[in-house]
Protein chains: 2
Amino acid sequence: MNQELELVEAIDKLSGLTQTFQTQLLSGDLKEYTLRQLYYIELINKHQVIGVSEIAKMLDVQKSTVSIAINQLIDRGIITKVQSNTDKRFYFLELTPKGKDIMKTHMKVHRDAIKQILKILDKEEVDIFIKIVNKITASKL
Amino acid sequence: MNQELELVEAIDKLSGLTQTFQTQLLSGDLKEYTLRQLYYIELINKHQVIGVSEIAKMLDVQKSTVSIAINQLIDRGIITKVQSNTDKRFYFLELTPKGKDIMKTHMKVHRDAIKQILKILDKEEVDIFIKIVNKITASKL
DNA sequence: TATAATAGTTAGTTAGATAAAACTATATAT
DNA sequence: ATATATAGTTTTATCTAACTAACTATTATA
C-alpha cells in the first residue's frame, strides 16, 4: 500500500483515539464540565497573570463571551477574580482550591493515558515517537 | 528529562496541532458547516447503506437529534433520502452533488495536511510513525 | 482637562446540539 | 389477527457558545 494512504489511515485512527479520550474525559469525574470550561481552567492555571480580555484574544472570541463563561465558573466556586491595585479595571483570574482540584484531576487523566501508552511501547519507540512529533510541530505546519 | 514528561509535552503539542487543523478546516471553504455536520456527511459518504437510527447508535445520541440534523442538511441540499422499496420505514441517506463536493473539499484539506507531513519526515520516519500509531490504536487503549 | 482607549459587564439574540415524549407508518412474530 | 418492535418525525424544551451593541469604570493621552 502507498505511504500516503497508510498515513491517512494512521491519522484517522489517531483522531478517533483523541475523540475516545475526550469522551472519557467528559464522563468520569469531570462530567460536570464542558471541554471549553476545562480549557478556561487550564489557561488560568498556566498563566499567573491573565484577565478576560487576554483569554478572549487567545481564543479569538468576544470579551462578552469570555466574561459570561468566567462569571459562571466564579458562581460555581471554581475561579476567583481579584481586582488589581495598580489598574482598577483589571481583574486577576485565579483558581480556587476547587478549581485546582479539577485541574489536578484533568492532568491525572492525561497522565494515566500516557502511562498506558508507555506500557504498550518500548523506550526506543517512545523516543522516536517524541522526536517525530517534535519534528512535525516544530515546522509550524 | 524523563520520558513520561516528554511524552506529555509531545501529546500536548499534537493536540494543539489537531486544534489548529480544526480551526483551519472550519474557516476556508467549509466555514458554513459545523464539525458535527461534516461528520454526518462523512458517515453517509463512508456507508453505502445508512439511516437515521444507525447514525444515532454510532454517535450514541437520540434518533430525534439525528433526524433534525439530517433534515436540516436535506433542506440545505446536501443530503437526500430515498425510501427503501423493501422496507418502507427505511430511508437511504445519500449525498447530493453538493454534499459530494463538500466531502471532496474536506478530504483535500486532509490530504494537503498529510502531504506537508510527508515533506517534513523522511520515508523511514513515516513508516515508524505509522507502525507506532497502529500499535497504540490496536491495543484498544 | 477633555477625549481616547481599555477592562470588564449586561441585555438581548441566535445557532447548534441535545433530550423526552408522543406520534405515524410499516414490519415482524406469536 | 393482534401485539410488539422498528424507522423516522414532530413538538417542546434545555443548554452551550457565540454574537452585537450599549454600558460603567478606569486609565492614558493629546
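In what follows, every heavy atom counts, from backbone to side chain, and hydrogens, waters and symmetry copies are set aside. Chain naming here is simple, since letters A, B, ... match the order of the sequence lines and numbering starts at 1 in each.
- Within the structure, salt bridge (charged side-chain N to carboxylate O under 4.0 Å, His left out) contacts touching residues 29-45 of chain A (residues at least two apart or in different chains) do not occur.
- Residue pairs meeting the salt bridge (charged side-chain N to carboxylate O under 4.0 Å, His left out) criterion with at least one member in residues 77-102 of chain A, sequence neighbours excluded: A:Asp87-A:Arg89.
- Nucleotides of DNA chain C lying under 4.0 Å from heavy atoms of chain B occupy a range whose first and last members, 5' to 3', are C:dG16 to C:dA27.
- When each of B:Tyr91 and A:Thr86 is assigned the nucleotide of DNA chain D bearing its nearest heavy atom, the one mapping closer to the 5' terminus is B:Tyr91.
- Taking a pair to require two hydrogen-bonding distances under 3.5 Å in either a Watson-Crick or a G-U wobble arrangement, D:dT27 remains unpaired.
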_Nucleic acid footprint by protein, nucleotides 18-26 of chain D - heavy-atom cut-off 4.0 Å, B for base, S for sugar-phosphate alone_ = BBBB---BB
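- Summarising the geometry, the separation between CD1 on B:Ile70 and C1' on D:dT10 is reported as 16 Å, rounded to the nearest angstrom.
- Residue B:Lys57 is classed as having no contact, given no heavy-atom separation below 4.0 Å to the nucleic acid.
- Distance CE (B:Met58) to P (D:dA7): 13 Å, rounded to an integer number of Å.
- The environment of A:Tyr39 atom OH is sparse: at most 12 non-hydrogen atoms of other residues, nucleotides or ligands sit within 6.0 angstrom.
- For DNA chain C, the neighbouring residues in residues 26-35 of chain B, judged by any heavy atom under 4.0 Å, are B:Thr34.
- Between B:His110 and B:His106, the ring planes lie tilted relative to each other; the angle falls in the 30° to 60° range.
- Residues from residues 43-50 of chain B with heavy atoms under 4.0 angstrom of DNA chain C: there are none.
- In this entry C:dA20 has D:dT11 as its Watson-Crick or G-U wobble partner, both defining distances falling under 3.5 Å.
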